[in-house]
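Atom set for the values below is all heavy atoms of this structure, side chains included, hydrogens, waters and symmetry mates excluded.
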Amino acid sequence: FRLIRSVREGKYDRRDPLLRFLCSGTLYLAVAMAFVGVQGLRLAGNADSVLPASLTEPFYFAALYGFLLAWIYGFGNRIVSLFLGVGPATRGTASGAFALQGAGVVLAVLSWLPALSHGAALALRDAGLSCAALSALVYLAGNGFLWRRSTLPMLRTPGNPGFAIRAAFGSLGLWAVLELAAVALSRTT
């Protein structure tokens, strides 16, 4: 927190994508930790060691699609573009990915509220999954990590880290396409 405060006082302000993604990702981590606390209370109060999906699924979504994805977006926006030498992202990329990712996490976590009907829960879950996947596609399209060639000097390192980075972001894109296809198939079949 001290590091984030000091960054705000220097070159970057509160609108900086890195700070926005790190702060939101940290918030999602706190939500995931709250679910871990509730899971612990549930385990302490029951002889049964099996946790209900309503306590595990929102934890996974907040941790993976909230915390981890936000931090990947934040550091990727600043560091990967510099490392690969592809330059800054297209204008609006970070804001679009940020809004879609945040909506996805909120909708998916809310989909596990016990008071919801089965249909409403599934609709919220699918909307959350779709928003998270679309956030990845917006992020990748705007940053161009997969197809933009280096226009700026790349950091010199041994081996071929550029390939590894592009393969990792390619995997993110593949996940997003498969996620959207899964939602579409579950809705149409």
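Between the side chain of S130 and the backbone N or O of A127, no donor-acceptor pair lies under 3.5 Å. Proximity of a side-chain donor or acceptor of D48 to a complementary backbone N or O of V50 within less than 3.5 Å is detected. Side chain of S95 to main chain of G92: no donor-acceptor pair is present (N/O by atom type, distance under 3.5 Å, no hydrogens or angles). For T90 (side chain) and T93 (main-chain N/O), no donor-acceptor pair under 3.5 Å exists by modelled atom type. Remark: the backbone N or O of F145 is not paired with any side-chain donor or acceptor of N143 at under 3.5 angstrom.
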Next item on the list: Any chance you could lay out the side-chain contact (heavy atoms from CB on, under 4.5 Å) test for L134 and E179, step after step, and finish with the verdict?
Entry: CA-CA 9 Å; L134 287 171; E179 191 70 65; over 6 Å; no
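Residues L69 and Y60 are members of one and the same hydrophobic cluster, defined by side-chain heavy-atom contacts under 4.5 angstrom among Ile, Leu, Val, Met, Phe, Trp and Tyr. Under a hydrophobic clustering in which Ile, Leu, Val, Met, Phe, Trp and Tyr are joined whenever their side-chain heavy atoms come within less than 4.5 Å, directly or via other members, V105 and W112 fall into different clusters. Connection of L178 to W175 is not established within any shared hydrophobic cluster, with ILVMFWY side chains joined at heavy-atom distances below 4.5 Å, either directly or through further cluster members. No path of Ile, Leu, Val, Met, Phe, Trp and Tyr side chains, each step under 4.5 Å between heavy atoms, connects L27 with L68, placing them in separate hydrophobic clusters. A continuous path of Ile, Leu, Val, Met, Phe, Trp and Tyr side chains, each step under 4.5 Å between heavy atoms, connects V31 with L129, placing both in one hydrophobic cluster.
The aromatic rings of F98 and F21 stand perpendicular to each other, their planes meeting at an angle above 60°, with 30° marking the opposite boundary.
S111 OG to F61 CZ: the interatomic distance, rounded to the nearest 0.5 Å, is 8.0 Å. The CG atom of L137 sits 8.0 Å away from the CG atom of L172 when rounded to the nearest 0.5 Å. Here the straight-line distance linking atom CG of L84 with atom CD1 of I79 works out to 12.0 Å at 0.5 Å rounding. Atom CD1 of I72 is separated from atom CG of L64 by 9.5 Å, given to the nearest 0.5 angstrom. Expressed to the nearest 0.5 Å, how far CD of E57 lies from CG of L51 amounts to 11.5 Å. Note that SG of C131 is 5.5 Å distant from CG of L107, once rounded to the nearest 0.5 Å.
The two atoms that bring L146 and G170 nearest to each other are CD2-N, 3.4 Å, heavy atoms only. V109 approaches P58 most closely through the heavy-atom pair CG2-O, 4.0 Å. Scanning both residues, W147 and R166, for their nearest heavy atoms gives N-NH1, 4.3 Å. Here the closest non-hydrogen pair linking A70 and G25 is CB-CA, 3.6 Å. Residue S186 comes nearest to V183 through the heavy atom pair OG-O, 2.9 Å, listed as atom of the first residue, atom of the second, then distance. Closest approach of L55 and Q39 over heavy atoms only: O-NE2, 2.6 Å.
Under the side-chain contact (heavy atoms from CB on, under 4.5 Å) test applied with Q101, the options Y28, Y65, Y139 reduce to a single match, Y28.
T56 places none of its side-chain heavy atoms less than 4.5 Å from the side chain of F35. Contact of the R187 side chain with the L122 side chain is registered, since non-hydrogen atoms from C-beta on lie closer than 4.5 Å.
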